[in-house]
Amino acid sequence: MAPIVSIRSLQDHVGEEITLQGWLYNKTGKGKLQFLQVRDGTGICQAVVFRDNVSPEAFEAGKALTQESSLIVRGVVRAEPRAPGVPGGYEVDARDVQAVSIAEPYPITPKEHGVEFLMANRHLWLRSQRQWAAMRVRATIIRGIREWLDGHGFLNVDTPIITPAAAEGTTTLFAIDYHGEKAFLAQTGQLYNEANIFAFGKVYCFGPTFRAEKSKTRRHLQEFWMVEPEIAFCDLEQLMEVEEQFVSHIVQKCLAECEPELKVLERDLTHLAKVTPPFPRIHYDDAVEMINDAAARGELVPGYPDPVPAIEWGDDFGSPHETYLAAQFEKPVFVHHYPTQVKAFYMEPEAGRPEVCRSVDLLAPEGYGEIIGGSERMSDAGKLVAAIEHHGLPRETYEWYLDLRRYGSVVHSGFGLGVERTVAWVCGLDHVRETIAFPRTLTSMRP
RNA sequence: UCCUCGGUAGCUCAAUCGGCAGAGCAUGCGGCUGUUAACCGCAGGGUUGUUGGUUCGAGUCCAACCCGGGGAGCCA
């Protein structure tokens with residue numbers, strides 16, 4: 001039997017007889033000629049079955065194939081500019097066709113479908129080109145994340161998913177029963193990360209995160225993946241430098257390695273090519289001014305029919321504010337020094353100006369929203385006790401966290417990057433549900 | 001939780017003023033040597049989300065409910 005070759009590497013086998021194993025994506029019959037679009041997980045390629053080149057049995061086998069039937073094709077690879085596919089440009093001149101399993105009438109056709117139907121058939125939808133491309137970009141982004149962190153002295157130390165208490169708001173936790181004790185699914189590994197840096201210097205955790213938010217928007221999932229690096233001896237300014245290097249690496253890696261996938265997604269690559277350090281930085285004070293100037297001019301939120309709403313200093317940004325701000329820049333933009341009152345208790349207040357804290361969010365361009373939230377952490381035990389009490393949090397729960405400030409405290413910072421929002425941005429997808437194989441949304445957890 | 005839009009064939013949609021339930025795709029059969037979501041011909045395929053109401057007559061109007069989409073708040 002001719003060697004089995006993946007569609008992704010067909011270009012290296014021109015003129016050779018090879019074997020393809022895969023599934024029928026689409027078919028065009030032309031009497032004595034059949035064009036079989038075969039996908040094998042690495043790409044899509046056309047097998048041309050000409051009646052005079054194959055046995056009558058093989059020709060009939062080809063004719064009998066339905067969409068998504070599994071098949072094996074033996075044939076000779078040739079370069080052919082007319083050949084469609086992913087990456088395309090090469091086709092297989094078939095010498096033999098075998099049906100492995102004839103598929104029953106397949107519900108997802110190459111035509112359009114609605115979201116409800118596609119989500120109900122998510123297990124099949126994943127076979128479609130765009131979903132295939134998005135999952136491959138996601139995997140590349142995850143490789144880029146680990147590659148950059150592992151290559152820059154970060155140790156991967158994963159944090160628990162079952163936790164006893166909330167780091168942030170208590171309304172968005174999924175509660176579980178832990179042998180009779182109430183426990184929660186983790187929203188962040190950050191507090192544990194802070195313990196880990198005192199052992200390992202620079203660490204990151206990477207795993208699923210759970211938020212029971214009643215959010216029904218294109219940017220929200222109940223279960224999403226987050227990578228959270230944490231760095232000892234690092235202040236806010238150094239943190240921003242890390243973030244922009246990190247994000248730029250991820251994006252540039254996708255551009256270098258996922259050209260066929262991004263083409264399937266019809267992504268405009270000129271936007272992504274601009275993602276290189278440094279990223280613009282704006283102070284919260286200036287951001288408020290920009291927003292209120294736009295509101296005074298009656299400017300519309302890009303992509304929405306509504307005007308930019310005015311904001312009062314001290315309030316957190318709403319979605320329309322973030323969308324407007326990000327649209328003013330070609331690259332991701334840092335917004336730093338948010339008001340202390342809208343941020344988590346552990347963020348370091350600015351020296352001499354405690355009403356703002358040393359926090360920074362990174363907003364993705366083109367309306368993809370906040371992809372990173374981070375800050376310099378409070379490093380003084382006394383100030384941290386006061387913050388815990390001010391937020392009405394139970395001090396006992398945080399004793400171990402306070403210990404970190406008692407035994408060799410240092411300036412340290414960290415951030416969390418949401419994988420799904422990053423994938424949506426890089427892929428140009430309009431909804432995060434397409435950035436993970438089996439999304440958990442407010443209204444759906446099946447299949 | 002609130003605002004907003006929708007639910008008709010397996011799928012995507014149409015149905016004028018309240019008056020015979022219709023098309024494309026998919027499926028089956030036939031035709032074609034360069035198709036790119038092929039095309040041409042023929043065929044099968046319907047409890048119009050549910051319940052109730054108005055009416056000679058309801059996919060269409062009214063009420064309640066169910067399900068889904070988009071958005072807000074909150075967040076990555």
Side-chain angles (χ1 to χ4, degrees), chain A residues 25-37 44-53 63-64 66-68 80-86 88-89 91 93 103-121 124-125 128-129 168-172 187-188 190 208-228 301 303-306 309 315-323 342-344 361-364 368-374 415-425 430-433 435 441-444:
Chain A
Y25 193 65
N26 201 359
K27 179 174 76 169
T28 304
K30 280 280 297 176
K32 294 182 203 166
L33 196 57
Q34 298 169 30
F35 298 97
L36 309 179
Q37 306 279 329
I44 299 177
C45 117
Q46 171 168 278
V48 183
V49 186
F50 180 42
R51 194 168 64 185
D52 295 353
N53 286 347
K63 274 177 77 172
T66 54
Q67 189 188 354
E68 288 303 318
E80 168 55 71
R82 288 174 296 184
V86 182
E91 65 184 18
D93 185 16
E104 294 175 26
Y106 191 66
I108 301 179
T109 69
K111 297 277 182 177
E112 43 189 299
H113 296 283
V115 171
E116 188 179 2
F117 174 77
L118 290 171
M119 284 298 291
N121 289 284
L124 303 177
W125 189 21
S128 300
Q129 270 194 71
E168 289 161 24
T170 49
T171 55
T172 61
Q187 287 185 318
T188 169
Q190 187 213 310
T209 289
F210 308 89
R211 299 204 182 161
E213 289 166 356
K214 302 277 187 217
S215 299
K216 202 176 62 170
T217 82
R218 67 181 71 184
R219 297 180 305 280
H220 289 88
L221 293 172
Q222 303 291 294
E223 177 183 307
F224 67 96
W225 285 65
M226 184 157 71
V227 58
E228 295 178 273
V301 180
Y304 295 86
D306 312 310
D315 287 346
D316 204 356
F317 297 137
S319 246
H321 299 129
E322 283 186 358
T323 303
V342 302
K343 288 293 182 181
D361 286 353
L362 185 67
L363 309 182
Y368 285 96
E370 183 184 340
I371 54 171
I372 287 181
F415 65 93
L417 173 120
V419 170
E420 286 74 17
R421 287 188 186 175
T422 306
V423 176
W425 166 47
D430 61 9
H431 202 299
V432 289
R433 70 177 154 235
T435 65
T441 66
L442 182 61
T443 52
S444 165

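Chain A is the first sequence line, chain B the second, and so forth, proteins listed ahead of strands; every chain is numbered from 1.
- Atom CD1 of Ile372(A) and atom P of rA76(B) are 11 Å apart (whole Å).
- Side chains of Ser319(A) and Arg219(A): a donor on one and an acceptor on the other come within 3.5 Å.
- Counting to the nearest Å, the P atom of rA76(B) and the CD atom of Glu370(A) are 5 Å from each other.
- For the pair Ala424(A) and Thr435(A), the tightest heavy-atom approach, listed with the atom from each and the gap, is N-CG2, 3.6 Å.
- Residue Glu68(A) holds its CD atom at 13.0 Å from CD of Glu104(A), rounded to the nearest 0.5 Å.
- In terms of heavy atoms, His220(A) sits closest to Val432(A) at N-CG2, 3.7 Å.
- Comparing the P positions of rA43(B) and rG7(B) gives a spacing of 30 Å, expressed to the nearest Å.
- Nearest-nucleotide assignment on RNA chain B puts the 5′-proximal partner with His113(A), out of His113(A) and Ala64(A).
- Rounded to whole Å, the separation between the C1' atoms of rG70(B) and rU8(B) comes to 22 Å.
- The side chain of Gln46(A) approaches rG34(B) more closely than any other nucleotide in the set rC67(B), rG34(B), rC75(B).
- Here, rA21(B) and rU16(B) have their C1' atoms 15 Å apart, quoted to the whole Å.
- When distances run from any side-chain atom of Arg211(A) to the nucleotides rA76(B), rC11(B), rU27(B), the shortest one goes to rA76(B).
- Between the CG atom of Leu118(A) and the C1' atom of rG68(B) there is a distance of 13 Å, given to the nearest Å.
- Of all heavy-atom pairs between Pro84(A) and Gln46(A), the closest is CD-OE1, 3.3 Å.
- Looking at heavy-atom distances under 4.0 Å, Asn26(A) makes contact with sugar-phosphate atoms alone, never a base.
- rG73(B) and rU50(B) have their C1' atoms separated by 32 Å, with the value rounded to a whole Å.
- The stacking criteria are not both satisfied for Tyr106(A) over the base of rA26(B), which would need a centre-to-centre distance under 5.5 angstrom and an angle between ring planes under 30 degrees.
- In terms of position on RNA chain B, the residue among Glu112(A) and Gly85(A) whose nearest nucleotide sits closer to the 5' end is Glu112(A).
- The gap from the C1' atom of rU12(B) to that of rG57(B) amounts to 30 Å, rounded to the nearest Å.
- For Thr66(A), the side-chain hydrogen bond (donor to acceptor under 3.5 Å, both in side chains) partners at least two apart in sequence or on another chain are Ser69(A).
- In this structure, CG of Leu442(A) is placed 9 Å from P of rG68(B), rounded to the nearest angstrom.
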Please write out each protein N/O paired with an N/O of nucleotides 70-74 of chain B under 3.5 Å, distance rounded to 0.1 Å.
from    : atom 1 : to        : atom 2 : distance (Å)
rG70(B) : OP1    : His431(A) : NE2    : 3.4
rG70(B) : OP1    : Arg433(A) : NH1    : 3.1
rG70(B) : OP1    : Arg433(A) : NH2    : 2.9
rG70(B) : O3'    : Arg218(A) : NH2    : 3.4
rG70(B) : O6     : Lys216(A) : NZ     : 3.2
rG71(B) : OP1    : Arg218(A) : NE     : 2.0
rG71(B) : OP1    : Arg218(A) : NH2    : 2.8
rG71(B) : OP2    : Arg218(A) : N      : 3.0
rA72(B) : OP1    : Ser319(A) : OG     : 3.4
rG73(B) : OP2    : Ser319(A) : N      : 3.4
rG73(B) : O6     : Ser215(A) : OG     : 3.3
rG73(B) : N1     : Lys214(A) : O      : 2.9
rC74(B) : O2     : Ser215(A) : OG     : 2.9
rC74(B) : N3     : His220(A) : NE2    : 3.2

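- Using a 4.0 Å heavy-atom criterion, one finds that Glu322(A) contacts the bases of the nucleic acid, with or without backbone contacts as well.
- Computed from coordinates, the Ile44(A) CD1 to rU35(B) P distance equals 19 Å when rounded to whole Å.
- Between Trp225(A) and Glu420(A) the shortest heavy-atom distance is N-OE1, 2.9 Å.
- To the nearest 0.5 angstrom, Arg211(A) atom CZ is 11.0 Å from Gln222(A) atom CD.
- Taking atom C1' on both rU54(B) and rC11(B), the two are 35 Å apart, rounded to the nearest angstrom.
- The distance between atom CD of Glu116(A) and atom P of rC11(B), rounded to the nearest whole Å, is 10 Å.
- Nucleotides rC17(B) and rC75(B) are separated by 48 Å at their P atoms, to the nearest Å.
- Counting only Watson-Crick or G-U wobble pairs whose defining distances are both under 3.5 Å, the stems of 3 or more consecutive pairs in RNA chain B are B:1-7 with B:66-72, B:10-13 with B:22-25, B:27-31 with B:39-43, B:49-53 with B:61-65.
- Residue Gly114(A) is in sugar-phosphate contact alone, with no base atom involved, counting any heavy-atom pair closer than 4.0 Å across all strands shown.
- Spacing between atom OH of Tyr25(A) and atom P of rA37(B) amounts to 10 Å, rounded to whole angstrom units.
- Here the side chain of Glu228(A) pairs no donor or acceptor atom with the backbone of Leu417(A) at under 3.5 angstrom.
- Counting to the nearest Å, the P atom of rC67(B) and the CE atom of Met119(A) are 16 Å from each other.
- Contacts of Glu80(A) with the nucleic acid, taken as non-hydrogen atoms under 4.0 Å apart, include base atoms.
- For rA14(B) and rC25(B), the C1' atoms lie 15 Å apart once the distance is rounded to whole Å.
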